[in-house]
There are 2 protein chains.
Amino acid sequence: MNIGQAAKASGISGKMIRYYESIGLISPVKRTESGYRIFSEKDVHALRFISRARDLGFSVEQMGNLLALWQDRHRASADVKAVAQAHIGELDLKIKKLQDMRQTLEHLVDHCHGDERPDCPILSGLAADNVEESAELDVETS
Amino acid sequence: MNIGQAAKASGISGKMIRYYESIGLISPVKRTESGYRIFSEKDVHALRFISRARDLGFSVEQMGNLLALWQDRHRASADVKAVAQAHIGELDLKIKKLQDMRQTLEHLVDHCHGDERPDCPILSGLAADNVEESAELDVETS
DNA sequence: CATAAACCTTCCCATTGTTGTAAGGTCAAG
DNA sequence: CTTGACCTTACAACAATGGGAAGGTTTATG
């Protein structure tokens, strides 16, 4: 199988496949005499694994860990669970951060009349240089 | 005011201040004869504005828009509101995406016993190559 | 005054993950 | 045997930030 076909079959672009190979996430695949990469079903299988992990927001490093665990027949499922749970924790942090941003911004938007007049609490909120005004920007100063 | 002091006062590193200047987000500030940047209160005010917008997750490009609106005394507050609301929309998308990931991952984690045994639904879920198994990965195929 | 510490300057490199492009080699079909 | 569709490597770019080198300036101290 060519890299193009492997790309289609796995959902990872040829570019990225080469990149993953170059950084050692996947081991180098076989080559034809002329240098073309040849992908086996097993290779594509691994690529699909990566594709799924990537869709779940795992970093390349984390995918490396997962791949290693995947390929290790004797690992304990607890190890895998730990990686996954750590990642859930990271996702939670990101979600929380975005939600905080969202809430602050919405608060500002709610107070902006949004008409022709130039007066706008959103900009004043962003421009606030003292604690009183800028307090409006704090979501939860916990 | 030096760049170091401006950095402290605004919460933006000196590195980033220079960067923002280099890409034109802020206009070049005055210099001493020997080439040191001198920041006025107004300059620092703008930097603080940027710092807040950045904390709210605005991209450099969006911050450029906001800055322009901020400095335009005659803009309609509706214009600002539109930018802010568009950004809320973006935040919502990101949040949704992360929540979807989180839920899928949690689903997998819930089904992993997490003990010594090597059998692990998380890895099988990631490795699924057919629709039946991979359906477990879909959160809401709406 | 001399020297050292603490600044500042520009320039380049690394990061993460991905895409684009250029220059060239190969393969299959007509 | 040419054309087009593939493949190869290598390099640059993106966003936003940090790190460091090499060198100039200012300030504080002996």
Side-chain angles (χ1 to χ4, degrees), chain A residues 1-26 28-40 43-44 46-47 49-67 87 90-91 93-94 97-98 101, chain B residues 1-26 28-40 43-44 46-47 49-67 87 90-91 93-94 97-98 101:
Chain A
M1 205 187 287
N2 269 343
I3 197 171
Q5 301 170 295
K8 256 180 210 160
S10 66
I12 299 183
S13 72
K15 277 267 186 225
M16 287 313 293
I17 295 176
R18 293 196 194 96
Y19 171 68
Y20 288 149
E21 189 191 77
S22 81
I23 62 170
L25 178 62
I26 56 177
V29 299
K30 268 197 301 197
R31 303 278 190 136
T32 65
E33 265 183 35
S34 56
Y36 280 30
R37 287 177 182 79
I38 316 172
F39 292 81
S40 67
D43 294 329
V44 174
L47 287 176
F49 183 97
I50 289 170
S51 176
R52 308 228 173 219
R54 196 184 47 176
D55 286 348
L56 286 175
F58 285 97
S59 70
V60 169
E61 196 185 350
Q62 289 170 320
M63 292 194 292
N65 295 336
L66 285 174
L67 268 177
H87 186 48
E90 286 173 32
L91 289 177
L93 277 182
K94 285 186 194 173
K97 206 171 150 190
L98 289 176
M101 288 183 195
Chain B
M1 207 188 285
N2 269 345
I3 196 172
Q5 301 170 296
K8 255 181 211 158
S10 66
I12 299 182
S13 72
K15 276 267 189 231
M16 289 312 295
I17 295 176
R18 292 196 194 94
Y19 170 70
Y20 288 149
E21 188 190 78
S22 81
I23 62 170
L25 178 62
I26 56 177
V29 300
K30 269 196 300 195
R31 304 277 190 136
T32 64
E33 264 183 39
S34 56
Y36 280 30
R37 287 177 183 78
I38 317 171
F39 293 81
S40 67
D43 294 328
V44 174
L47 287 176
F49 183 98
I50 289 171
S51 176
R52 308 229 172 217
R54 195 184 49 176
D55 285 348
L56 286 176
F58 284 97
S59 69
V60 168
E61 197 186 348
Q62 289 170 318
M63 289 194 293
N65 295 337
L66 285 174
L67 268 177
H87 186 48
E90 286 172 32
L91 290 176
L93 277 182
K94 285 187 193 173
K97 206 172 151 191
L98 289 176
M101 289 182 194

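Computed from heavy atoms alone, side chains included, the values below leave out hydrogens, waters and symmetry copies. The sequence lines fix the lettering, A, B, ..., with proteins before strands; numbering per chain opens at 1.
Using a 4.0 Å cut-off, no side-chain N or O of B:Arg31 falls inside it from OP1 or OP2 of D:dT25. Regarding contacts with the backbone of D:dT8, a side-chain N or O of A:Arg18 is found under 4.0 angstrom from either OP1 or OP2. Listed pair B:Tyr20 / D:dA16 fails the phosphate criterion, with no side-chain N or O lying under 4.0 Å from OP1 or OP2.
Summarising the geometry, the separation between CD on B:Glu21 and C1' on D:dA16 is reported as 17 Å, rounded to the nearest angstrom. D:dC14 atom P lies 13 Å from atom CD of B:Glu61, rounded to whole Å. D:dT8 atom P lies 7 Å from atom CG of A:Asn2, rounded to whole Å. When rounded to the nearest whole Å, the span between CD1 of B:Ile17 and P of D:dA16 equals 16 Å. Summarising the geometry, the separation between CG on A:Leu25 and P on C:dT16 is reported as 13 Å, rounded to the nearest angstrom. Regarding A:Ile50, its CD1 atom lies at a distance of 12 Å from the P atom of C:dG17, rounded to whole Å. Atom NZ in A:Lys30 sits about 18 Å away from atom P in D:dC7, given to the nearest Å. Summarising the geometry, the separation between OH on B:Tyr19 and P on C:dC11 is reported as 16 Å, rounded to the nearest angstrom.
Taking every heavy atom of residues 3-12 of chain A and every atom of DNA chain D, pairs under 4.0 Å involve A:Ile3, A:Gly4, by number.
Each of C:dT18, D:dT8, D:dA16 was ranked by its minimum atom distance to the side chain of B:Met16; first place goes to D:dA16. In the set D:dG20, C:dC27, D:dC7, C:dC27 carries the atom at the smallest distance from any side-chain atom of A:Ser34.
At a cut-off of 3.5 angstrom, the base of C:dG17 holds no donor-acceptor pair with the side chain of A:Lys15.
You'll find the side chain of A:Val60 reaches within 4.5 Å of the side chain of A:Tyr20, heavy atoms only. Side-chain contact check for B:Arg54 versus B:Ile12: some heavy-atom pair is nearer than 4.5 Å.
In terms of the salt bridge (charged side-chain N to carboxylate O under 4.0 Å, His left out) criterion, B:Glu90 has no residue partners (sequence neighbours excluded). In this view, B:Glu61 satisfies the salt bridge (charged side-chain N to carboxylate O under 4.0 Å, His left out) rule with no residue, not counting sequence neighbours.
Judged by distance alone, with hydrogens and angles left aside, the side-chain atoms of B:His87 form a donor-acceptor pair with the main-chain N or O of B:Leu56 at under 3.5 Å. The main-chain N or O of A:Arg52 is never found under 3.5 Å from a side-chain atom of A:Asp55 such that the two would form a donor-acceptor pair.
Separating the CD1 atom in B:Ile3 from the CZ atom in B:Arg18 is a distance of 4.0 Å, to the nearest 0.5 Å.
For the pair B:Arg54 and B:Tyr36, both in contact range of DNA chain D, the more 5′-proximal nearest nucleotide belongs to B:Arg54.
In this structure, B:Ser59 reaches the sugar-phosphate backbone alone: every heavy-atom distance under 4.0 Å involves primed, P, OP1 or OP2 atoms, never a base.
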